[in-house]
2 protein chains.
Amino acid sequence: MARKSGSSGEKTRAMVEEAAIRLIARHGFAAVSMRQIAREVGVQAGALYLYTPDKQSLLRDIMRGHLEHLLQSWQDHAPDAEMPAIARLERFVRFHIDYHILRAEKVFISYMELRNLEQENFAEIERLRRSYEHLVEEILTAGAAEGVFHHADTRLTTLAMIAMLTGVSTWYRDDGRLPPQAIATRYVDMAFRLAGAEQLVEAAE
Amino acid sequence: MARKSGSSGEKTRAMVEEAAIRLIARHGFAAVSMRQIAREVGVQAGALYLYTPDKQSLLRDIMRGHLEHLLQSWQDHAPDAEMPAIARLERFVRFHIDYHILRAEKVFISYMELRNLEQENFAEIERLRRSYEHLVEEILTAGAAEGVFHHADTRLTTLAMIAMLTGVSTWYRDDGRLPPQAIATRYVDMAFRLAGAEQLVEAAE
DNA sequence: GTCTATAATTAGATAGAC
DNA sequence: GTCTATCTAATTATAGAC
């Protein structure tokens, strides 16, 4: 029987992506073979090439899809630019932590597997990553202009904050000590500290 | 000629490790072949097996060597436990940043390639990593006891701080905007903020 | 200590049957 | 849309010459 009864392209396409994400997050892109992905999906290796022209494109599509969805999600419920920077930073941190906990595998892949992208694909993904970083930088700059944030070096504070916030995806476990919301609250506090928010200064006394 | 004149085992051994570190940092462990390493060293692939029983051991030895050296280096110039926590934190941050800039490749490998370690090797390396994390946790705990640090959640602050500090190895470039010492100084400031150090509170007013 | 040669396995990708 | 079969190339690791 060459075609399983009940088989359907779109469903398989989704399963291929899910299996690839799971396996790549666990073992790394280069360590995962097309045959492993196929086995996980329950098809033969050759069938995967109905859904991707090659292995490299599979990785690029996962990362592009993730980053575009991340940016779109933020746009969909970002505060408008007139809101105070401190409220925007809180909103951003909660968004970032929730998103990074909910989609830990894609997040993990998108920053661990940059090395495995070919030049052109790397450039595209890196552009998306940078536009996400700029969201933070913009909020920190606005807060300094408002006089509510006091950070010495905006660029370095941005890099430090992104690294700090994104780190959650390396250790979060569903059965961990804290529920996602409690984690987010603590990260909001720490983000305020890094930004030198005046509120925090008072709270620390 | 089966053996090159002037060849010497110890020198080659060092070259193998250096080449492996450089290539793995750039492309990832699974993506680097023994032949690539051999080519970089200037020997044939078979000759590598004089220095490592297999590819997996090569990775484990790199990571183990790095972490043991990291821990030893800290021990060698760690402040004694009687020093104020705030001074110990500053010393730690400067040590960490300098070390992570100087040995960026090994650092990078040791946290990117954990997935590629077999179970037993992973457990060993993970133990070393955790003992390094505990250094930070201990300083934060001591500072809270002294009343000079005010952080809400010691464990989470530790994780956030490690992630923030280690992030430097993902973006540092020798020809970048800031020299290592200036970077370290800014990270000391940010570490104090995260820890809720009183000094910083005053400075922010 | 290193080379050459090679065994054994596995990889990515394609062709053609159904 | 999927399978089976297969091509080609690359991989880890070993054996034996020098």
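Values below: all heavy atoms of this structure, side chains included; hydrogens, waters and symmetry mates excluded. Owing to the predicted nature of the structure, the values given are computational and were not obtained by experimental measurement. First the proteins, then the strands, lettered A, B, ... as listed; each starts at 1.
Annotation: side chain of A:H66 is in contact with side chain of A:Y99 (closest heavy-atom distance under 4.5 Å).
Salt-bridge formation is not detected for the pair B:E137/B:R130: no Lys NZ or Arg NE/NH1/NH2 atom is positioned less than 4.0 Å from an Asp or Glu carboxylate oxygen. Ion pairing of B:K55 with B:E113 is absent here, as no side-chain N (NZ or NE/NH1/NH2) approaches a carboxylate O to less than 4.0 Å. Salt-bridge check for A:E17 with A:R13: failed, with every basic side-chain N at 4.0 Å or more from each acidic carboxylate O.
In this structure, the CZ atom of B:R13 is 8 Å from the P atom of C:dG1, given to the nearest Å. Between the P atom of D:dA10 and the CZ atom of B:R39 lies a distance of 10 Å, rounded to the nearest Å. In this structure, A:I37 places its CD1 atom 13 Å from C1' of C:dA13, rounding to the nearest Å. Protein atom CD of A:Q44 is 18 Å distant from nucleotide atom P of C:dA15, rounded to whole Å. Put simply, CD on A:E10 is 15 Å from C1' on D:dT2, counting in whole angstrom units.
The side chain of A:T12 has D:dT2 as its nearest neighbour among D:dT2, C:dC3, C:dG1.
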When you compare the protein's N or O atoms with those of nucleotides 9-12 of chain C, which come within less than 3.5 Å of each other, and at what distance?
| from | atom 1 | to | atom 2 | distance (Å) |
| --- | --- | --- | --- | --- |
| C:dA11 | OP1 | A:S33 | OG | 3.4 |
| C:dG12 | OP1 | A:K55 | NZ | 3.1 |
| C:dG12 | OP2 | A:M34 | N | 2.7 |
| C:dG12 | N7 | A:R35 | NH1 | 2.9 |
| C:dG12 | O6 | A:R35 | NH2 | 3.0 |

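A ring pair (Phe, Tyr, Trp, His ring centres under 6.0 Å) with B:Y132 holds for exactly one of B:Y111, B:F92, B:W74; it is B:F92.
For A:Q181, the CD atom sits in a loose shell: 12 or fewer heavy atoms of surrounding residues, nucleotides or ligands are nearer than 6.0 Å.
The shortest distance between the side-chain N/O atoms of B:Y51 and the OP1/OP2 oxygens of D:dA13 is not below 4.0 Å.
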